[in-house]
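See structure below.
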Amino acid sequence: MFHILEKRLIEAVGRFLRESRQVEIPVVLEQPRQAAFGEIALPVAFGLAKQLRQPPRAIAEALAKEFPAVEGIEKVEIAGGGYLNVRFDRGYYAAALLAGLTDATNEAAGKVIVEHTNINPNKAAHIGHLRNAVLGDTFVRMLRANGRKVEVQNYIDNTGVQVADVVVGFHYLEKKTPAEVRNLAAQPKFDYYCWDLYARTSAYYGSNPEAVEWRRNTLHVIEAGEGELAELGHIVADAIVERHLDTMLRLGIEYDVLPRESEILHLRFWATAFEQLKERKAIYFENEGKNSGCWVMAGSHFREAGDEGEAKVIVRSNGTVTYVGKDIAYQLWKFGLLGKDFHYKPLRTYQSGHVAWVATDEPCDAPAPPFGQGGEVYNVIDSRQSYLQDVVVAGLRALGYAAQAEKSIHFSYEMVALSPRTCAELGIPLSEEDRKKSYVEVSGRKGLGVKADDLIDKLIEKARAEVDSRHPDAPEAERAVVARQIAVGALRYFLLKFTRNTVIAFDIQEALSFEGETGPYVQYAAVRARNIFRKLAERGEAAPDFAAVLDRDALRRQLAAEEFWQLLLAASKAGPALESALKAGEPSHVGRYAFTLAQSFNSFYHDYPVLTESNREKKTFLLWMTDYFRRRLEETLAILGIEVPEYM
RNA sequence: GGGCCCGUAGCUCAGUUGGAUAGAGCGUCUGGCUUCGAACCAGCAGGCCGGGGGUUCGAGUCCCUCCGGGCCCGCCA
C-alpha cells in the first residue's frame with residue numbers, strides 16, 4: 001500500500017510540475033529524517049532552485065499552496081530548507097491495509113538461476129560454506145517472494161584436486177580398498193573423517209614432495225573416470241555430497257539440481273564450448289613466450305579497456321582444460337547457449353515432495369523437469385574468486401553473448417574468518433603473527449575451522465537448555481523441535497546480519513547469543529503476537545471481525561495516537577523493504593527490517609495490554625494491530641528461512 | 001607492480017541514488033515482572049565518521065592524495 005501511494009504521488013507531482021511550471025524533472029521521494037515530519041519527503045524544491053533562480057524555501061512555499069489533491073494524502077507541509085513533507089490520510093491508509101490491499105509483486109519474465117553452496121565434496125562443511133548457502137538460499141527466497149521463478153543449482157566438483165587429495169589419503173596413506181572405504185562412507189560422520197584425512201594428506205605433501213606425483217596421477221585417473229582410484233573418488237564424493245545435503249537441510253536449505261564436473265567432462269561440454277571459443281576467436285593459440293603451446297584469452301577481454309595485462313590460459317600446453325574453461329562451458333549451459341544438456345536422475349526427495357536432481361551421463365527413466373535455460377544467473381561465490389568470475393563473463397562476451405554477459409552476476413561476499421578468542425576456545429594453535437590479527441582465516445587444507453554440524457549442535461544444545469528451563473512440562477519431542485527452530489533462527493540470522501562485503505570474524509560467543517539483534521529476538525516477537533490470540537481463545541473469546549468494527553473513522557480515531565500510527569506504518573513497509581533489498585542484492589537488509597519490525601512490536605506489546613482493554617473499539621484495534629504485525633513478522637521470517645516456534 | 005574490499009561509539013556492525021539533530025546490538029551503569037511469560041521494555045553515558053585536500057547550497061556517502069588492514073592477480077582448483 002505504501003508503494004501505491006508513492007506511485008500516485010510521483011505521478012501527481014510530475015504532472016503538476018509539468019503543467020504549472022513547465023519543468024520536466026524526475027520526482028524523487030525520500031524518507032523524512034524524523035518520523036514526526038510525515039511519511040514522505042519531497043526535495044523537489046532543491047532541484048528547482050537552480051533552474052528557477054529562487055531560494056528552495058520560497059519555491060516550496062509556492063508549490064505547497066497549489067499542491068494538487070492526491071487520493072489517500074491528507075496534506076503537505078513545508079519544512080527545513082525547502083522540503084515538502086507529505087502526510088497520509090491515516091484512516092484511508094489503514095482501511096486499505098485492513099482490506100488486504102498489497103503492493104503488486106513483479107511478474108518479470110524468465111527464470112532466474114541461483115548457484116550456491118558448491119562445496120568441494122571431500123570434507124565436512126564449515127562455517128564459511130554456511131555463509132554461502134544461507135546467503136544464496138535467502139536470496140532465492142527473496143526472489144520467490146517477489147514472484148520470480150527460480151532454479152537453485154549446487155555445482156559439485158567431484159573430479160577436482162581436493163577429492164583427489166582425499167583419495168590419495170585413503171589409497172596411499174591408509175592403504176584402504178574401495179570396499180573398506182565404502183563401509184567407512186556409510187558411517188554417519190564420514191565427512192568428519194575426511195576432514196582429518198584431507199588435512200593429514202596435505203601435510204604429508206609438505207614433508208614428502210615426491211608424493212605430489214601421487215596427487216597428479218590420481219587427479220588424472222579420476223578425470224578419466226576409470227580404475228580403482230576413480231572408484232574411490234566416486235565413493236568419497238557421492239557420500240560427502242549426501243552429508244552436505246543433510247547439513248544444509250538442517251537449516252532448511254534445498255536444491256533443485258546438482259550439476260557435476262564428471263558429467264561436464266564425460267558429456268564433452270568443454271569440447272563443445274572449446275569449438276565455439278575457437279570459431280569466434282574468443283581465444284587464440286599462443287606460439288611464443290611463457291604461454292607457448294596454450295590456448296589463451298587475451299587480457300583485454302577481462303580487464304579495464306586499455307590495460308592489455310596478462311592473458312589467461314584456458315587450455316594448457318598438454319591439452320587439458322583449466323578450471324575456468326570448464327566454468328565457461330557451465331555458464332553457457334546455464335543460459336541454454338551450449339546446445340547440450342545433462343541427463344538427470346532423482347537424488348533425494350524432500351519432505352515436501354520436492355525432488356533434488358543430479359546430473360548423470362546416461363538417460364534415466366524418471367522424467368526430469370527442464371533445467372538451465374536461465375534468463376538471469378547469480379553465482380554465489382566468495383570475493384576471492386572475482387578475477388575468475390570476470391574471466392567467465394569475458395568469455396561469454398567474447399563469444400558475442402553480450403546480453404547474457406550482462407545477466408551473469410557474481411553474487412560475491414567476503415570470507416568468514418575466526419576471531420582469535422574463538423580460535424583459543426577451540427584449541428586452535430596460533431602463531432605469533434596470527435595472534436596480532438583481528439581475525440584468522442579458516443583453512444580446509446590445514447583442517448582449521450569450525451565445522452557446520454558442530455556449530456549447529458552447539459546452538460541446539462544451548463537452545464534446548466533455555467527451552468527446558470522455561471517449559472519443563474512440555475513434551476520432550478516438542479521441546480526438541482522448538483530448540484532446533486531457535487538454533488536455526490540464531491544461526492541464519494547471525495550469518496545474514498552482516499552486509500555481503502563485510503568480513504565476518506566469527507565469534508562463537510556472539511553467534512550463540514539469543515538476545516539483542518538476533519534471530520530468536522525476532523522469533524520471540526512473533527511468538528508473543530501469537531500468544532495473544534491463543535490466550536484470547538483460552539478465555540473463550542473469538543477473534544473479532546476486524547472490518548465490521550473498524551471502519552475508516554474508527555481507524556482514524558485510533559491512529560490519531562502517533563505511536564500507533566508509526567508502528568502500523570513501519571509494519572506496512574514489508575513490501576518496499578523486500579524490494580529495496582532485492583535491488584541492492586542485500587539479504588542483510590531483510591534481516592534488518594525483520595529486527596526493526598520485532599523491536600516495534602515488542603515495544604507495542606509492552607506498552608499496551610491488549611486482552612484487558614475495556615473499550616471495545618480500542619481492543620478490536622489492538623487485536624488487529626497484533627494480527628497485522630504477526631503476519632508481517634511471519635512473512636519476513638519465512639523469507640529469512642526462519643521458522644516461528646510454538647512457544648519460547 | 002596491477003585489481004577489489006574495509007577503516008563510523010569501548011567491542012561488533014548499519015547508514016538507499018549526496019540531504020534535516022550520524023544510528024543499532026553488545027558491554028557499562030540505573031530502573032521496570034501481579035502471566036498477553038523479562039529470550040522483553042525504558043533510561044544514562046559513550047562520535048574530529050582513519051588524516052589531508054577538492055566538488056557542492058549541502059559530504060560518513062562523490063573525486064584526488066596519504067596512512068593503516070584484508071583478499072586476489074598460476075599451464076592449482
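As the structure is a prediction and not an experimental result, all values here were calculated from the model.
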Subject >> Residues which pass salt bridge (charged side-chain N to carboxylate O under 4.0 Å, His left out) with A:Arg384, listed by chain and number, not counting sequence neighbours >> reply: A:Asp382, A:Glu441
Describe the nucleic acid contact of [X] in one word from base, sugar-phosphate, nothing, applying a heavy-atom distance below 4.0 Å.
X: A:Thr499; value: sugar-phosphate
X: A:Asp327; value: nothing
X: A:Leu219; value: nothing

Original post:
What distance, rounded to whole Å, do you find between the two C1' atoms, one in B:G18 and one in B:C49?
Top reply: 15 Å
**OP:** Decide yes or no, distance alone: a donor-acceptor N/O pair under 3.5 angstrom between the base of B:A24 and the side-chain of A:Arg592.
**Re:** no
Original post:
Which one is paired to B:C36, where only Watson-Crick or G-U wobble pairs with both distances under 3.5 angstrom count?
Top reply: none
**OP:** Measure from the side chain of A:Glu517, starting at C-beta and using heavy atoms only, and say which of B:G15, B:C40, B:G25 lies closest.
**Re:** B:G25
Subject >> Below 4.0 Å: OP1/OP2 of B:A14 and any side-chain N or O of A:Thr502 >> reply: yes
Subject >> Electrostatic pair A:Arg216-A:Glu213, nearest N-O below 4.0 angstrom >> reply: yes
Original post:
Looking at residues at least two apart in the chain, or sitting in another chain, which of them share a side chain to side chain donor-acceptor pair (under 3.5 Å) with A:Gln509?
Top reply: A:Glu425
Original post:
Is A:Tyr605 stacked on the base of B:C36, with ring centres under 5.5 Å apart and planes under 30° apart?
Top reply: yes
